[in-house]
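Since this is a predicted model, take the numbers as computed values, not measurements.
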Amino acid sequence: MNSLVYEKAYKFAIRIVNAYKYLTQEKKEFILSKQLIRSGTSIGANIAEANGAISQAEFSAKISIAYKECLETKYWLSLLKDTGYIDDKAFNSIYENAEEISKILFSILKKTRISDN
């Protein structure tokens, strides 16, 4: 169980939920923000599932999904910034968190894929 990445993903999910509340309540943006909350909270959920995996292959598959969800979340964050829904300061802060999580997940993924061979 990699509790560091799980903890970071959980804290990130809280930030995503708060961003969603801001986007829907203050900016009245409902489409992009729904995509953001779906992918941004899915990262930690998939890590939780990976931690309960019954095989190395299942663990690797769930970490792969978490990694892909993190990439998708970065896409939605960029789109929200470039369309003026979030400012540069908020974007940079949350994007930096996503980047850190994606690097950790990719590192875990490389290690699990190497051990699969």
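Put simply, the side chain of Tyr10 does not reach to within 4.5 Å of the side chain of Ile47, judged on heavy atoms. Two residues are said to be in side-chain contact when any heavy atoms from C-beta on lie closer than 4.5 Å; Ile43 and Phe12 meet this criterion. Within the 4.5 Å cutoff, the side chain of Thr73 has no heavy atoms near those of the Ile101 side chain. Counting only heavy atoms from C-beta outward, the side chains of Phe59 and Ile54 never approach each other to under 4.5 Å. Side-chain contact between Gln56 and Thr112 is present, with at least one heavy-atom pair separated by less than 4.5 Å.
Here the shortest heavy-atom pairing between Ser93 and Arg15 reads OG-NH2, 2.8 Å. Considering every non-hydrogen atom in both Lys27 and Gly84, the closest pair reads NZ-O, 4.1 Å. Heavy-atom minimum distance, Ala98 versus Cys70: O-SG, 3.2 Å. For the residue pair Trp76 and Ser39, the shortest heavy atom distance occurs at CD1-OG, 3.7 Å. Shown here for Asn46 and Glu69, the closest heavy-atom pair between the two residues is ND2-CG, 4.3 Å.
Residue pairs meeting the salt bridge (charged side-chain N to carboxylate O under 4.0 Å, His left out) criterion with at least one member in residues 83-99, sequence neighbours excluded: Lys74-Glu99.
Note that NZ of Lys110 is 13.5 Å distant from OG of Ser60, once rounded to the nearest 0.5 Å. Distance check, rounded to the nearest 0.5 Å: CG of Leu109 to NZ of Lys68 gives 8.5 Å. Separation of atoms CG (Leu77) and CD (Gln35) is listed at 12.5 Å; rounding is to 0.5 Å. Here Tyr95 contributes atom OH and Ile86 contributes atom CD1; the two are 11.0 Å apart, rounded to the nearest 0.5 Å.
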Leu80 vs Phe91, test: side-chain contact (heavy atoms from CB on, under 4.5 Å). Steps then yes/no.
CA-CA 9 Å; Leu80 285 160; Phe91 169 80; over 6 Å; no
Between Leu32 and Thr83, does the side-chain contact (heavy atoms from CB on, under 4.5 Å) criterion hold? Intermediate values first, please.
CA-CA 10 Å; Leu32 303 176; Thr83 55; 4.2 Å; yes
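Judged by distance alone, the side chains of Ser33 and Glu29 do bring a donor and an acceptor atom under 3.5 Å apart.
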Show which side-chain atoms of residues 17-26 pair as donor or acceptor with protein atoms under 3.5 Å away, not counting sequence neighbours.
residue: Asn18; atom: ND2; partner: Ile14; partner atom: O; Å: 3.3
residue: Thr24; atom: OG1; partner: Tyr20; partner atom: O; Å: 2.9
residue: Thr24; atom: OG1; partner: Lys21; partner atom: O; Å: 3.3

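Ion pair Glu7/Lys11 flagged as a salt bridge, since at least one NZ, NE, NH1 or NH2 atom sits closer than 4.0 Å to an Asp/Glu carboxylate oxygen.
One hydrophobic cluster holds both Phe106 and Ile108 under the rule that ILVMFWY side chains link at heavy-atom gaps under 4.5 Å.
Of the possible polar contacts, one joining the Thr41 side chain to the Ile37 backbone as a donor-acceptor pair under 3.5 Å is found.
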